[in-house]
Structures are given as C-alpha cells and as structure tokens.
Amino acid sequence: LSPTAVAMQMQAGSNGLTAGDFYGEEDTPLPVKVRYRRDANPAADTLLRYPIFVPGSPDPLPLGSVASLERTVGQGLVTREDASPNLEIVAYTGPKPLNFTVADVQAALDTIVIPADYRIDLIGENQDMGEAGRSLGTALFFAVMAVYLLLVAQLKSFLHPLTILMTVPLSLVGVSAALWIAGRYLSMPVMVGLILLVGTVVNNAIILLDFINQKRADGIERREALVASVRARFRPIMMTSLSTIIGMIPLAAEWALGAERFAPLATAVIGGMTAATFLTLVVIPVLYDTFDDLRGRSGRNSPADEKVVG
C-alpha cells in the first residue's frame with residue numbers, strides 16, 4: 001500500500017463517502033454518507049484501530065500495522081486582519097436571537113482585562129447586521145421624506161401631510177404586538193417590512209383626507225365632513241387593508257418551503273396594517289381637526305376653505 005492509498009481510506013472512513021440521497025416528507029434530498037462509527041470520546045489511539053483494506057487480502061488490517069502515532073510540534077497558523085495579527089473565535093448562536101447573544105458576549109467581555117496593545121472586536125454577522133441596519137434606517141428616512149414631499153405637492157399644504165404621516169407611528173403599535181404574539185424578534189426582514197408599511201399605510205389616510213377636502217369644498221362644515229368621510233370611506237379602507245393582510249397570511253404562517261426567511265416581514269406588515277387601519281379611522285380625523293384649528297389660529301385657510309371662499 002502506498003501512503004496515498006492509506007490516506008484516502010482514512011479520509012473516507014473519517015469524513016465519509018456519499019452513498020446517495022434520502023427524500024423525506026418535504027421531498028428535500030438529504031445526502032447520505034457512510035463512514036466508520038465514532039466513539040463518544042475518541043482518543044488519538046483509536047485511529048490506529050481503523051481497518052485498512054489491502055488488495056488481494058480478504059481481511060482488513062488495522063492502521064497500526066502500517067502506521068504509527070507520533071506527537072510533534074509544528075508551526076502555528078497566524079491570521080491577519082488589516083495587517084494586525086488576530087485570533088478568531090467563531091460560534092453559532094442557534095435559535096437564540098443575535099442581539100441577545102451579542103449582549104451576553106459583551107457582558108462577558110466586559111469582565112476581561114485586556115492586555116496592553118490588544119483589543120477585542122465583535123465582527124461577523126453582528127457587524128453585517130449593524131451596517132445593514134444603518135443602511136435600512138437611511139432608506140426609511142428617505143422613504144418618509146419622499147412620501148411627505150409628494151403629499152405636499154398634492155395637498156398644497158405643509159401641515160396636513162403630517163396628519164397623513166402619523167399613520168406610520170400608529171402602525172408601529174401593531175408591528176410590536178404582532179412580533180410579540182408570533183414570538184419573533186426585530187431583524188432585517190422586519191426593517192424591510194417597516195419600509196413597505198411607509199408607502200402602504202398612508203393610503204387609507206389619503207383616501208380619508210381627500211374625501212374630507214371634497215366635502216368641505218362643497219360647503220359642508222368641517223365636523224360634518226369628518227363624520228361623513230369615515231362613514232363613506234370605511235368600506236373601501238377595510239377592503240384595501242384586508243386584501244393586503246390576507247395575502248400576507250400564507251407567508252407569515254410559513255406554509256411554503258423557504259417562507260421562514262420572509263415570515264418576520266409578513267408578520268410586521270400584518271400587524272402594522274391591522275393597527276393602522278383601525279387607528280386611522282379614529283386618530284386621523286381627530287388630528288385633522290386639531291391641525292386645522294392650529295391653521296385657523298395662525299390666520300391661514302385650508303385649501304378646502306380657499307376653494308369655498310373663491
């Protein structure tokens with residue numbers, strides 16, 4: 001036997017050889033590997049008992065008949081990051097949320113006295129999540145500003161677009177409740193869901209305010225216009241919101257393979273839409289009435305009042 005042949009048999013016995021695929025209930029192929037049985041607490045001497053198959057011989061030989069075990073000291077592997085030598089410690093968090101794990105690790109690191117010229121950095125997935133969070137936060141800010149500017153151009157007012165945008169913080173109540181009920185945590189898909197909600201939950205308030213302005217332009221008193229808008233727009237608002245909520249249920253319930261990645265996004269959208277829908281019908285008319293009073297005290301008429309006067 002050549003050393004290469006012995007090494008190949010040892011690698012096959014230790015790491016295993018692919019023997020085929022197993023198809024489970026979900027029809028997902030799982031690779032099947034065949035290898036030698038491993039002891040619960042393997043020792044270095046167990047390697048010498050591994051069987052070696054010799055061509056032309058019916059019985060295998062133990063590895064100890066052709067090899068010996070020798071302890072040596074070799075050159076260690078030194079890795080560098082930004083020209084500085086480093087020692088990487090890699091761990092898997094399992095089902096525990098990343099932010100909880102990072103908090104536990106940071107609490108343990110705070111008890112360590114770091115020698116001079118040494119430092120400890122938390123990188124990897126934690127660093128990637130921080131960078132992604134900052135990018136999504138910037139995107140959320142620009143999304144809110146873009147919606148506000150579009151509403152200013154449409155309503156010809158700097159105040160009432162704020163009334164419409166108040167639906168965004170109202171939706172956060174439902175997002176928090178939905179994540180708590182579903183047992184999910186704040187993650188990147190949830191942040192993407194918040195950006196999606198910015199352009200979605202405002203639709204109900206836009207429908208409501210547009211009807212209010214139409215009624216006031218027809219000469220109807222403000223309080224009557226508010227009540228009439230809620231009565232007339234209740235059904236369209238509910239139909240629009242329910243269609244979005246029902247469409248997200250299969251994704252939130254993880255009914256399809258791979259849906260678990262986007263289930264937090266769907267959960268955030270369902271909670272945000274539910275809370276924003278019901279709170280919009282109550283809070284937005286009150287805010288419109290309050291902001292319109294502030295506008296009247298400042299001596300400026302609303303766009304609807306200007307149409308009536310004209």
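Nothing fancy with the numbering, it's 1 onward along the sequence. Quantities reported herein were computed from a predicted structural model and do not represent experimental measurements.
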Nearest-0.5 Å distance that lies between atom CD1 in I246 and atom OG in S241 = 10.5 Å
Any chain of hydrophobic side-chain contacts (each under 4.5 Å) joining L30 to V32?
-> yes
For the student: nearest non-hydrogen atoms of R223 and E221, plus distance | N-OE1, 2.9 Å
List the steps, then state whether side chain to side chain contact (heavy atoms under 4.5 Å, CB included) holds for L226 with V230.
-> CA-CA 7 Å; L226 292 173; V230 174; 5.9 Å; no
In one Ile/Leu/Val/Met/Phe/Trp/Tyr side-chain cluster, 4.5 Å: F142, V198 = no
Apply side chain to side chain contact (heavy atoms under 4.5 Å, CB included) to Q106 and D110, showing your working.
-> CA-CA 6 Å; Q106 189 63 54; D110 293 339; 3.1 Å; yes
N213 versus Y288: any side-chain heavy-atom pair under 4.5 Å?
-> yes
Would you list the atom pairs, donor with acceptor, under 3.5 Å between side chains in residues 169-179 and any protein atom, with sequence neighbours excluded?
from	atom 1	to	atom 2	distance (Å)
S171	OG	V168	O	2.5
S176	OG	L172	O	3.0

Do other residues, nucleotides or ligands put more than 12 heavy atoms under 6.0 Å from Y36 OH?
-> yes
Among the clusters formed by ILVMFWY side chains lying less than 4.5 Å apart, do M248 and I195 turn up in the same one?
-> yes
Is there a path of hydrophobic side-chain contacts, each under 4.5 Å between heavy atoms of I, L, V, M, F, W or Y residues, that connects L122 with Y118?
-> yes
Looking at OG of S2 and CE of M8, how far apart are the two atoms once the value is rounded to the nearest 0.5 Å?
-> 9.0 Å
Around atom CE of M238, are there more than 12 heavy atoms of other residues, nucleotides or ligands at under 6.0 Å?
-> yes
Going by atom types alone, do N204 and T167 pair a side-chain donor with an acceptor below 3.5 Å?
-> no
For the atom pair CG (L251) and CZ (F262), what is the distance rounded to the nearest 0.5 Å?
-> 7.5 Å
Does D293 reach the side chain of R222, with side-chain heavy atoms less than 4.5 Å apart?
-> yes
Apply the test side chain to side chain contact (heavy atoms under 4.5 Å, CB included) to residues R35 and N15: give CA-CA distance (whole Å), side-chain angles for both, the deciding distance (0.1 Å), then the verdict.
-> CA-CA 6 Å; R35 58 171 173 78; N15 299 334; over 6 Å; no
Taking atom types as modelled, is there a side-chain donor on Q214 or D218 under 3.5 Å from an acceptor on the other?
-> no
Any idea which heavy atoms bring A268 and L197 closest together, and the distance?
-> O-CD1, 3.7 Å
Donor-acceptor contact present, side-chain D289 to main-chain V286, <3.5 Å = no
More than 12 heavy atoms of other residues, nucleotides or ligands under 6.0 Å from OH of Y148: is that the case?
-> yes
Would you say the side chain of M10 lies within less than 4.5 Å of the side chain of L63, judging by non-hydrogen atoms?
-> yes
Exercise: identify the closest heavy-atom pair between S14 and Y50 = OG-CE2, 3.7 Å
L165, M145: one ILVMFWY side-chain cluster at the under-4.5 Å cut-off?
-> no
With A225, which residues qualify under side-chain contact (heavy atoms from CB on, under 4.5 Å), at least two apart?
-> I212, K215, R216, I220
Over all atoms of both residues, closest heavy-atom pair of T267 and A252 | OG1-CB, 3.9 Å
From the options I207, I164, V144, L209, select the one residue that forms a side-chain contact (heavy atoms from CB on, under 4.5 Å) with V202.
-> I164
Compare every heavy atom of F211 with every heavy atom of S229, then report the nearest pair and how far apart it is.
-> CA-CD2, 3.2 Å
Heavy-atom pair of closest approach, residues N86 and R80 = OD1-N, 3.4 Å
Distance from M191 atom CE to L196 atom CG, nearest 0.5 Å?
-> 13.0 Å
Would a distance-only check, ignoring hydrogens and angles, find a side-chain to backbone donor-acceptor pair under 3.5 Å from T244 to T240?
-> yes
How many angstroms lie between atom CG of D210 and atom CD1 of I206, to the nearest 0.5 angstrom?
-> 9.0 Å
Gap separating the CG atom of L61 from the CD1 atom of I52, nearest 0.5 angstrom | 8.5 Å
Q9 side chain to F53 main-chain N or O, any donor-acceptor pair under 3.5 Å?
-> yes
Decide yes or no for L162 and L287: does some side-chain heavy atom of the first lie under 4.5 Å from some side-chain heavy atom of the second?
-> no
